[in-house]
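Everything numeric in this text was worked out from a predicted model, so none of it was measured.
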Amino acid sequence: MQTMTTKQSDAGGEWLVSLGKKLTNSFDRIIERNSLVGTDPLLDPSVFPWKQRLEDNWEVIRDEALTVLDEQRAKIPLLRDLSPDHRRIADDRWKSFFLWGYGYRIEPNCDRCPRTAALVSTIPDLNTALFSILEPGAHIARHRGVTKHLLTCHLGLSVPADRENCRMQVDKHIVSWESGKCLAFDDTYKHEIWNDTPEVRIILLIQVKRPSRFMGRLVGELFLFGVRRSRFVQEARRNIAALGQAQDLIERV
C-alpha cells in the first residue's frame, strides 16, 4: 500500500508538472505581473524581512556548517546523486546538505544543526534551505529555475579570499559572495557558477515563495503543488534517505 501511494502521488504530480512545463511561460508572466517585489535578475535582499536576522547570526550558522563539513565531509552527497533534475548541470564537486527541501523538513539534518534550523524555521513561506558546498574547481553549468514563484537568497558563510574567481553570473550580472552578507536573485534568469580557487565555498541557500497578489500566488501554488509530488522531488527524498541523511523520510513518502 505504501508503494502504491507513492506511485499514485508521483503520477499525479507528473501530470501537473507536465502541464505546468507547457504553460511555464504563461504562468511566469502571470506571476511577474502580480509580483509585490522587483522582477529584475538581482534583488535587494532587504525585500526579505528575515534577511537581517540571518546576517546577525551568520557566524552561528557558519560554525554549524563547518562542523558538519568537518565531521561528515565524505558523507555529504553530491547534489547530482540526490536530485535527478540536477544531473545535467552538477559536477562531482558540488555537495548539498539539506535542512528543508520543497517544504519537507529533513529532521536528522536539522538535529545536527539546531541553531541554524531554528533560525530558518522562522522564515515565512520557506521552500528550501541547505548548505551548498562548492569544492575547489567546481563549475555549475548555465541553467534556470523552475518557476518565478520562488526567489533565492544566498548567505555567505565561508568564501574564498579570491572572490573574483569564485563567482556567479545571473543573466548579464557577475556577483561574488561575501561572508555574513546575503545576495538575492530570481533563478528563472539563466545563471552559472564557478569556484576557480583552491578554497571551499560554503553558503546557506534559501528559497522562498515570491510575495505576490492573489492571482500570482494562486498560479504559483498550483505549480508547486505538482512539483512537490513529481517524480524528481520524490526521488530526491528517497535518495536522501538511502544515502543516510534522513532515513525516516522513506516512511513518510
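For Asp40, there are no side chain to side chain contact (heavy atoms under 4.5 Å, CB included) partners at least two apart in sequence or on another chain. By the salt bridge (charged side-chain N to carboxylate O under 4.0 Å, His left out) test, Asp28 is found to be paired with Arg144, residues two or more places apart in sequence or in another chain being considered. By the salt bridge (charged side-chain N to carboxylate O under 4.0 Å, His left out) test, Asp125 is found to be paired with Arg217, residues two or more places apart in sequence or in another chain being considered. Taking Asp63 as the reference, nothing meets the salt bridge (charged side-chain N to carboxylate O under 4.0 Å, His left out) condition, with sequence neighbours excluded. Partners of Val170 by side chain to side chain contact (heavy atoms under 4.5 Å, CB included), not counting sequence neighbours, listed by chain and number: Pro41, Leu42, Met168, Phe185, Tyr189, His191. Shown here are the side chain to side chain contact (heavy atoms under 4.5 Å, CB included) partners of Ile30, two or more places apart in sequence or in another chain: Arg33, Asn34, Met215, Val219. Partners of Glu135 by salt bridge (charged side-chain N to carboxylate O under 4.0 Å, His left out), not counting sequence neighbours, listed by chain and number: Arg73.
Judged by distance alone, the side chains of Ser179 and Trp58 never bring a donor and an acceptor atom under 3.5 Å apart.
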From CA spacing to verdict: side-chain contact (heavy atoms from CB on, under 4.5 Å), Leu130, Phe97: CA-CA 5 Å; Leu130 59 95; Phe97 187 84; 5.9 Å; no
Worked check of side-chain contact (heavy atoms from CB on, under 4.5 Å) between Ser121 and Trp100: CA-CA 9 Å; Ser121 69; Trp100 264 262; 3.9 Å; yes
Phe223/Ile31 under side-chain contact (heavy atoms from CB on, under 4.5 Å): CA gap, chis, key distance, verdict: CA-CA 11 Å; Phe223 186 75; Ile31 294 168; over 6 Å; no
From CA spacing to verdict: side-chain contact (heavy atoms from CB on, under 4.5 Å), Leu151, Val37: CA-CA 10 Å; Leu151 295 174; Val37 297; 3.9 Å; yes
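For the pair Asn25/Arg29, a side-chain contact is recorded, criterion being any heavy-atom separation below 4.5 Å from C-beta on. In this structure, Thr147 and Phe27 have side chains that are not in contact, with every pair of non-hydrogen atoms separated by 4.5 Å or more. Inter-residue side-chain proximity for Ile61 and Leu54 is flagged as met; some heavy-atom pair is nearer than 4.5 Å. At a threshold of 4.5 Å between non-hydrogen side-chain atoms, the residues Leu204 and Phe131 count as touching. The side-chain heavy atoms of Tyr102 and Asn127, taken from C-beta on, include a pair separated by under 4.5 Å. Taking 4.5 Å as the limit, every side-chain heavy atom of Arg115 sits out of range of all side-chain heavy atoms of Asn57. Within the 4.5 Å cutoff, the side chain of Val200 has heavy atoms near those of the Pro136 side chain. Contact of the Asn165 side chain with the Pro160 side chain is not registered, since no non-hydrogen atoms from C-beta on lie closer than 4.5 Å.
Leu155 and Leu126 fall within the same hydrophobic cluster, where Ile, Leu, Val, Met, Phe, Trp and Tyr residues are linked whenever their side-chain heavy atoms come under 4.5 Å apart, directly or through other members. Tracing side-chain contacts under 4.5 Å through hydrophobic residues (I, L, V, M, F, W, Y), one reaches Leu218 starting from Leu150; they form part of the same cluster. In the hydrophobic cluster analysis, where Ile, Leu, Val, Met, Phe, Trp and Tyr join through side-chain heavy atoms closer than 4.5 angstrom, Trp194 is grouped apart from Ile202. When the side chains of ILVMFWY residues are joined at heavy-atom separations under 4.5 Å, either directly or via intervening members, Val60 and Leu205 end up in two distinct hydrophobic clusters.
The two residues Trp94 and Ser96 have their closest heavy-atom pair at NE1-OG, 4.0 Å. Across Cys110 and Leu99, no two heavy atoms sit closer than the pair SG-O, 3.4 Å. Across Cys113 and Val68, no two heavy atoms sit closer than the pair SG-CG2, 3.5 Å. Contact detail for Leu134 and Ala138: the closest heavy-atom pair is CD2-CB, 3.8 Å.
For residues 190-199, every residue pair satisfying the salt bridge (charged side-chain N to carboxylate O under 4.0 Å, His left out) rule, not counting sequence neighbours, is listed here: Arg167-Asp196. Under the salt bridge (charged side-chain N to carboxylate O under 4.0 Å, His left out) criterion, the residue pairs touching residues 44-54 are Lys51-Glu55, with sequence neighbours excluded. The stretch residues 33-55 participates, sequence neighbours left out, in these ring-ring contact (aromatic ring centres under 6.0 Å, His included) pairs: Phe48-Trp50. Counting only residues at least two apart or on different chains, the side-chain hydrogen bond (donor to acceptor under 3.5 Å, both in side chains) pairs with a member in residues 168-178 are His154-Trp177. Applying the salt bridge (charged side-chain N to carboxylate O under 4.0 Å, His left out) test to residues at least two apart or on different chains, the pairs with a partner in residues 201-216 are Asp186-Arg210, Lys209-Glu221.
One distance of note links CD of Glu59 with CG of Leu157; it measures 10.5 Å at 0.5 Å rounding. Residue Ile206 holds its CD1 atom at 11.5 Å from OG of Ser132, rounded to the nearest 0.5 Å. Between Asp187 atom CG and Thr152 atom OG1 the span is 4.0 Å, to the nearest 0.5 Å.
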